Amino acid sequence: MPEWIIVILRSFILILFLFSLVKWLGTKQLSQLNIFETIAGIVLGGIAAVHTMDPETNFFYAILAMFIWFIVPFGIEKLSLKSKRVRDFTEGKTTIFIQDGKIMEENLKKEGYSTDELMEKLRDKNIFLASDVEFAVLEPTGTLNVLPKKENRPLTAKDLGLTIAPDKEPQTIIMDGNMMLESLANASLNPDWLRTELEKQDVALENVFLGQVDDQGQLYLDLYDDHLAVAEASQSALLLATIKKCQADLEIFALASDNQNSKEIYQTCSKNMDQVQSILEPYLK
């Protein structure tokens, strides 16, 4: 068999084998490699390259070596899930750089960080004064996580004593001109609703590249033709306007009515509608 055919066959086999090993390790390792996984990745690629380009080498040895270099980090990963000591040894420990607003100089030296490098990391977090930091820790991945002092944190609904309804995950209900029935069901919607919304905006389903709906039922469309303008859905604004109109109409009816009993009913309903408006307005803006 010609050597070039052997090289092609070996390449395909090793690519598939290497792909299988990486998939077996899991997706975590693709984004966050520890020392063993980094070394194993380099060596696995080297073994595959050497045994691909040299047809004279024993192909079985390549498979055996790749399997060994796979099984060692794989085994260590499984052990680290059960043992804190193994995890600290393979992945490292977190290091506190700032605690209670004070910089830990010894920890900086231990990790080889200068003051300039610490300030650069803080600026990446939009913090320009070290005195604004309550706590900062260096993760084993090299990321610096920072907790600003309470007075320097953005206000939240909890700080203001407000109770906010939880957001639901937006659903992609149209993709590449096709209706996604499962996503529609997850959003408690149906195909008839979607067709009606598309008719309102005078858009054909096959012309939609991407369609998403949020937890309030607002539909957002992106068309294949970027020159076509699509009017944004405004159900929330329409609902808020309708509530305000109902409240105003009830006030008018109360003023126009000569019957005292009817006047009181209209006034009560108007106050109730005003309360409904106050409750819903933050969610409908």
Side-chain angles (χ1 to χ4, degrees), residues 126 147-285:
N126 293 322
L147 177 68
K149 290 183 177 178
K150 197 162 188 178
E151 61 269 21
N152 296 316
R153 300 176 207 166
L155 280 175
T156 63
K158 184 178 180 181
D159 295 329
L160 298 174
L162 300 176
T163 302
I164 304 296
D167 288 334
K168 294 182 180 178
E169 177 191 0
Q171 295 291 331
T172 300
I173 58 177
I174 303 175
M175 188 179 294
D176 300 326
N178 297 311
M179 193 181 300
M180 313 300 291
L181 297 178
E182 183 178 349
S183 298
L184 270 174
N186 290 338
S188 300
L189 301 171
N190 56 56
D192 291 335
W193 173 87
L194 179 56
R195 293 188 190 96
T196 301
E197 292 301 310
L198 291 175
E199 288 176 4
K200 285 181 183 178
Q201 302 187 43
D202 194 24
V203 174
L205 177 64
E206 58 270 16
N207 292 333
V208 179
F209 174 68
L210 183 69
Q212 292 182 301
V213 64
D214 62 16
D215 60 336
Q216 296 184 359
Q218 297 275 16
L219 179 63
Y220 302 92
L221 301 176
D222 184 88
L223 305 184
Y224 280 106
D225 190 347
D226 294 329
H227 297 290
L228 294 178
V230 178
E232 291 187 2
S234 56
Q235 289 93 333
S236 296
L238 288 173
L239 178 57
L240 182 60
T242 302
I243 293 173
K244 290 181 178 179
K245 184 178 184 302
C246 290
Q247 194 266 340
D249 288 343
L250 289 168
E251 288 183 354
I252 293 172
F253 295 154
L255 293 173
S257 177
D258 295 328
N259 186 297
Q260 186 61 32
N261 187 37
S262 297
K263 185 185 291 289
E264 290 176 358
I265 292 174
Y266 285 136
Q267 288 175 342
T268 301
C269 291
S270 176
K271 290 178 181 178
N272 291 339
M273 189 61 70
D274 188 54
Q275 291 177 356
V276 170
Q277 176 187 328
S278 300
I279 295 172
L280 295 180
E281 190 166 8
Y283 304 100
L284 299 178
K285 282 186 174 180

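Predicted model, so just to flag it, every value in this text is computed and none were measured.
Nearest heavy atom pair, residue M273 against residue C246, reads CE-CB, 4.2 Å. Heavy-atom minimum distance, N259 versus N261: OD1-N, 2.9 Å. Closest of all the heavy-atom pairs between D274 and Q247 is N-CG, 3.9 Å. Closest heavy-atom contact between M179 and P191: SD-CB, 3.6 Å.
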Worked verdict on F209 versus L223 for side-chain contact (heavy atoms from CB on, under 4.5 Å): CA-CA 5 Å; F209 174 68; L223 305 184; over 6 Å; no

List the steps, then state whether side-chain contact (heavy atoms from CB on, under 4.5 Å) holds for R153 with L147. CA-CA 9 Å; R153 300 176 207 166; L147 177 68; 3.8 Å; yes

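Here salt bridge (charged side-chain N to carboxylate O under 4.0 Å, His left out) pairs that include residues 248-260, with residues two or more places apart or in two chains, are K245-D249.
Note that the OG1 atom of T196 and the CD atom of Q201 stand 12.0 Å from one another [nearest 0.5 Å]. Atom-to-atom distance recorded for Q260:CD and I265:CD1 is 10.5 Å, nearest 0.5 angstrom. If you take CG on L250 and OG on S257, they are separated by 12.0 Å, rounding to the nearest 0.5 Å.
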In a table with atom names and distances, give each donor-acceptor pair under 3.5 Å that connects a side chain of residues 180-190 to protein atoms at least two apart or in another chain.
{"from": "S183", "atom 1": "OG", "to": "T172", "atom 2": "O", "distance (Å)": "3.0"}
{"from": "N186", "atom 1": "ND2", "to": "E182", "atom 2": "O", "distance (Å)": "3.3"}
{"from": "N190", "atom 1": "OD1", "to": "D192", "atom 2": "N", "distance (Å)": "3.1"}
{"from": "N190", "atom 1": "OD1", "to": "W193", "atom 2": "N", "distance (Å)": "2.8"}

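In this structure, the side chains of L219 and L221 come closer than 4.5 Å at one or more pairs of heavy atoms. A heavy-atom distance below 4.5 Å is not found between the side chains of Q212 and I173. Side-chain contact between I174 and N178 is absent, with no heavy-atom pair separated by less than 4.5 Å.
The aromatic rings of Y266 and F253 sit tilted, their planes meeting at an angle between 30° and 60°.
Remark: K149 NZ is packed, more than 12 non-hydrogen atoms of other residues, nucleotides or ligands lying under 6.0 Å away.
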